[in-house]
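Just so you know, residue 1 is the first one in the sequence shown, and it goes up from there. Counting starts at 1 for both ligands and their atoms, in listed order.
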Amino acid sequence: MAARAAGGGRRRMGAAVQWNRGSRAAGALLRALLFCLLGCGSCWGNSVEKKIYIPLNRTAPCVRLLNATHQIGCQSSLNGDTGVIHVVEKDQDLNWVLADGPHPPYMVLLEGELFTRELMLWLKGTSRISGLAVAISKPSPEQGFSPGLKCPNDGFGVYSSEYGPQYAHCNWTTWNPLGNGLSYEDFNFPIFLLEDANETEVIKQCYRDHNLPQNGSVPEYPLCAMQLFAHMHAVTSTVTCMRRSSIQSTFSLNPEVVCDPLSDYNVWSTLKPINASSGIAPTDEVIIVATRIDSHSFFWNVAPGAESAVSSFVTHLAAAEALHKVPDVQMLPRNIMFTFFQGETFDYIGSSRMVYDMVNNKFPIKLDNIHSFLELSQVALRNSSVLWMHTDPVSQMNRSIQTQVKTLMDTLINSSLGANMTLQEVSQSQPLPPSSFQRFLKAQDIAGVVLADHRTSFRNRYYQSVYDTAENILMKYPEGLSPEETLDYVTDTAKSLAEVATVVARALYQLAGGTGNTSAIQADPRTVSRMLYGFLIKTNNSWFQSIIKQDLKGLLGNEPPQHYIAVSPLVNTTQLVQYVLANLTGTVVNFTKEECLNPEKTSSSEREMYDYTWVQGSKDPNSTSRVPFCVQSTVHITKALSPAFELKQWGSTEYSTWTESRWKDIRARIFLIASKELEIITLVVGIVILILSLLATYFINAKAHVLFSSPGDPGAVAY
Ligand SMILES: *[C@@H]1O[C@H](CO)[C@@H](O)[C@H](O)[C@H]1NC(C)=O
Ligand SMILES: *[C@@H]1O[C@H](CO)[C@@H](O)[C@H](O)[C@H]1NC(C)=O
Ligand SMILES: *[C@@H]1O[C@H](CO)[C@@H](O)[C@H](O)[C@H]1NC(C)=O
Ligand SMILES: *[C@@H]1O[C@H](CO)[C@@H](O)[C@H](O)[C@H]1NC(C)=O
Ligand SMILES: *[C@@H]1O[C@H](CO)[C@@H](O)[C@H](O)[C@H]1NC(C)=O
Ligand SMILES: *[C@@H]1O[C@H](CO)[C@@H](O)[C@H](O)[C@H]1NC(C)=O
Ligand SMILES: *[C@@H]1O[C@H](CO)[C@@H](O)[C@H](O)[C@H]1NC(C)=O
Ligand SMILES: *[C@@H]1O[C@H](CO)[C@@H](O)[C@H](O)[C@H]1NC(C)=O
Ligand SMILES: *[C@@H]1O[C@H](CO)[C@@H](O)[C@H](O)[C@H]1NC(C)=O
Ligand SMILES: *[C@@H]1O[C@H](CO)[C@@H](O)[C@H](O)[C@H]1NC(C)=O
Ligand SMILES: *[C@@H]1O[C@H](CO)[C@@H](O)[C@H](O)[C@H]1NC(C)=O
């Protein structure tokens with residue numbers, strides 16, 4: 001430009017004059033256009049300026065899980081799905097979404113009671129919705145709600161065409177009749193749970209302000225819209241995604257993993273310490289007590305599991321504490337193993353792995369060491385204090401097993417005499433409910449009993465749902481208690497679970513060969529209260545604070561804890577069960593911090609038999625510091641990863657194959673959107689302005705020396 005400007009000054013001057021004249025005209029035009037745009041802009045300003053996003057902070061997504069053959073769960077498109085919000089509070093409101101509404105696709109805000117199978121399958125079939133937000137219903141739905149299966153873990157228990165075919169596929173008893181199977185459906189739109197009533201109200205207010213049809217006429221833009229992001233990387237099945245990761249990992253340094261197996265750790269301990277590296281003698285006998293510690297719901301990491309998991313493992317922990325207090329317990333002929341299985345909800349991940357390890361000599365205890373098996377299934381909702389004893393009719397066709405089962409049941413019944421509960425046997429020809437014990441029976445005939453509060457189908461009306469909370473097991477606290485008082489407040493639920501724990505502890509003592517008086521064995525209702533509070537209401541309580549390691553404060557929170565297995569090892573529940581078990585069954589030893597953290601360096605010969613934990617201790621009310629100490633216990637953890645992944649049999653029908661898809665972005669937000677036409681006009685006007693301004697810039701730039709030079713200034717000399 002400079003070169004061109006250097007030549008022909010005269011012509012240039014002429015051109016400049018011309019441009020000046022032309023520019024004046026163009027400027028006027030531009031000014032007029034700008035005025036016009038600003039004028040219009042102010043009337044559109046409402047929609048354009050208010051396009052402010054409000055993030056939703058308390059939501060839980062439904063994510064994609066995969067098994068050997070199917071994908072289940074939900075997902076959004078890559079950049080999230082958007083739709084105009086429509087609140088559906090009763091069935092009729094759906095007409096607008098499915099037929100009448102002029103602004104599809106819609107984001108449906110659904111009331112919790114309407115979240116049923118019929119309605120969801122109906123919505124699945126339409127293209128008029130882009131997603132769903134479900135408001136949690138308070139109180140819980142009257143009629144019950146379970147998104148699990150009618151026949152949980154079907155096909156992975158012991159009953160099959162070879163073993164009790166008449167019992168396979170819940171032919172005999174439908175354990176979870178309320179199960180609508182929604183968790184096992186595949187949805188191609190995002191579904192989020194709105195956990196906070198105040199946030200739901202914010203959305204509803206936005207809907208009422210902008211989207212409500214007024215006097216029968218169609219609502220006008222701008223409308224309130226919601227956008228949900230939950231794009232999932234994995235598709236089709238575990239076989240597909242694991243094969244892809246495995247091929248990539250052979251060729252690439254940074255394989256792109258799209259799914260991960262559900263896995264965590266089982267927690268176990270023994271009454272008498274055992275040498276975990278050498279194992280126990282083949283002649284030693286062990287009684288296994290078992291419960292599951294995980295649960296599930298339709299939504300990711302929402303799994304309160306009060307009745308389905310917490311009440312049982314809390315009872316189990318209380319029984320372990322009661323037994324450890326018995327003076328002669330180290331002298332009993334048989335050992336007792338307290339076992340807490342993780343991932344049982346997903347086709348018995350934890351128990352199938354422990355059996356696999358026992359069979360393959362990777363566990364200190366072998367199947368042949370197992371004397372008998374006692375499992376605590378759902379126990380909190382007893383009807384007139386009856387606890388039912390479930391047994392397996394098939395293995396009892398063997399006389400010797402039948403005799404052992406009979407002894408087991410007699411011992412349990414004897415232990416309940418004098419307690420405020422009765423134990424009853426279910427019909428001899430009824431199969432076992434879904435239980436970890438089935439995985440052991442699958443490998444070997446073992447005498448065992450599963451204790452439950454139901455005779456046939458579950459009494460739990462909220463099995464594997466967001467409503468299986470403390471209210472479901474009737475936990476009630478008086479008004480106005482401080483957190484500390486609530487922690488120690490003994491609820492009726494705690495009393496009744498402590499009774500079950502007492503009966504279990506007494507029966508175990510006798511089964512282990514104890515001959516002393518059992519009436520002194522007593523589970524502590526206060527411990528049960530504290531555990532129920534910790535595992536259902538708030539983990540950040542003074543007791544849990546005092547029994548964990550110092551660097552694990554992140555485990556504790558003020559929200560009700562969730563018991564989903566997840567994919568990253570050592571989830572909150574597993575670690576907390578581990579520390580509670582250590583606190584209840586361990587002893588405080590006089591070790592320094594160094595000795596406690598490196599027990600192998602101490603001279604004590606017992607270090608192989610024990611686990612040592614340096615816990616932070618409790619806070620003295622008058623001081624701000626804690627006094628940490630060392631706890632010696634027999635608590636161990638072992639991997640709960642399905643053997644299918646160990647064996648790379650991703651299409652296994654024998655072992656669980658559940659994996660969870662990976663994702664990048666999960667979030668939800670609401671905002672106002674303008675109409676499509678307005679957006680197009682805005683875009684076109686924007687482009688026109690852009691072109692005009694580019695042109696203007698070009699010309700102004702080209703003639704800058706003329707436009708911005710002061711009169712009489714000799715042009716190029718400015719530099
Ligand atoms: C979520 O948090 C942000 C930032 O604190 C806040 O601006 C927004 O209003 C919250 N969302 C809702 C729905 O309350
Ligand atoms: C995978 O899950 C689907 C949906 O629940 C089920 O129908 C199918 O039988 C499962 N496949 C296997 C191999 O368990
Ligand atoms: C909801 O809002 C009310 C009133 O603003 C407040 O008292 C209450 O604590 C809020 N609830 C939650 C769960 O934030
Ligand atoms: C709806 O109709 C009623 C009665 O016909 C009228 O009073 C009201 O102003 C109308 N509302 C709107 C928003 O037009
Ligand atoms: C535990 O087993 C290991 C390996 O067999 C052995 O070396 C060790 O002495 C045993 N410890 C005890 C206390 O028996
Ligand atoms: C019955 O079970 C016992 C112990 O498990 C076993 O030794 C025996 O062989 C079984 N009897 C029959 C007939 O299967
Ligand atoms: C573990 O607990 C902490 C505190 O409550 C919470 O922030 C975190 O999300 C929990 N982790 C999982 C996997 O639930
Ligand atoms: C847990 O409670 C203590 C008070 O007891 C508090 O100082 C701490 O911030 C809480 N932790 C979390 C994660 O809320
Ligand atoms: C268990 O926790 C309680 C309360 O914090 C404490 O007093 C006790 O010493 C602990 N016991 C063990 C063995 O850690
Ligand atoms: C604990 O050990 C220390 C040194 O190891 C010793 O001085 C102290 O007396 C011991 N305390 C008790 C109660 O045994
Ligand atoms: C804490 O301080 C109060 C008053 O200063 C005193 O009465 C109480 O005994 C102290 N408690 C402990 C455990 O030291």
Inset, instruction - Under 4.0 Å from a heavy atom of F156: give me the atoms of ligand 2 that qualify, with their elements. - result: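 Matching atoms, with element in brackets: 14 (O).
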Inset, instruction - With salt bridge (Lys or Arg N to Asp or Glu O under 4.0 Å) as the test, would you mind laying out the steps for E185 and R117 before giving the verdict? - result: CA-CA 10 Å; E185 290 290 330; R117 184 178 180 85; 2.7 Å; yes
Legend entry - P364 and W268, any side-chain heavy atoms less than 4.5 Å apart: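 With C-beta onward as the side chain, the pair touches.
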Legend entry - Student check: side-chain heavy atoms of F346 and E660 closer than 4.5 Å: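 A side-chain contact under 4.5 Å is absent here.
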Legend entry - Every residue of the protein that comes under 4.0 Å of ligand 7, judged on heavy atoms: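 Residues N301, G554, L555, L556, G557, N572 each place a heavy atom under 4.0 Å from ligand 7, listed by chain and number.
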Inset, instruction - Would you please name every residue forming a ring-ring contact (aromatic ring centres under 6.0 Å, His included) with F115, sequence neighbours left out? - result: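 Result, ring-ring contact (aromatic ring centres under 6.0 Å, His included) vs F115: F145, F298.
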Side-chain atoms of residues 637-644: list all donor-acceptor pairs with protein atoms under 3.5 Å, sequence neighbours left out, distances to 0.1 Å.
residue	atom	partner	partner atom	Å
S642	OG	A644	N	3.2
S642	OG	S656	O	2.5

Inset, instruction - Please confirm whether T69 comes within less than 3.5 Å of ligand 2 when only nitrogen or oxygen atoms on both sides are compared. - result: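 For ligand 2, there is an N or O atom that lies under 3.5 Å from one belonging to T69.
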Legend entry - Polar atom proximity, N67 to ligand 2 (N or O, under 3.5 Å):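 Yes; the residue has a nitrogen or oxygen that sits under 3.5 Å from a nitrogen or oxygen of the ligand.
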Legend entry - N460 and N472 side chains, donor-acceptor separation under 3.5 Å: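 Per modelled atom types, N472 and N460 side chains form a pair under 3.5 Å.
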Inset, instruction - Determine whether the aromatic ring centres of F544 and F535 lie less than 6.0 Å apart. - result: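 Between F535 and F544, which both carry aromatic rings, the centre distance is below 6.0 Å.
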Inset, instruction - Using a strict 4.0 Å cut-off to heavy atoms of S277, name the atoms of ligand 5 that fall inside it. - result: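 Checking each atom against S277, I get 1 (C), 2 (O), 3 (C).
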Legend entry - For N275, the ligand 5 atoms whose distance to one of its heavy atoms is below 4.0 Å: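 Heavy-atom distances to N275 below 4.0 Å select 1 (C), 2 (O), 3 (C), 8 (C), 10 (C), 11 (N), 12 (C), 14 (O).
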Inset, instruction - Would you mind listing every side-chain hydrogen bond (donor to acceptor under 3.5 Å, both in side chains) that reaches into residues 144-160, with sequence neighbours excluded? - result: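 Every side-chain hydrogen bond (donor to acceptor under 3.5 Å, both in side chains) pair that includes a residue of residues 144-160, provided the two are not neighbours, is S146-N176, D154-H169, Y159-D392.
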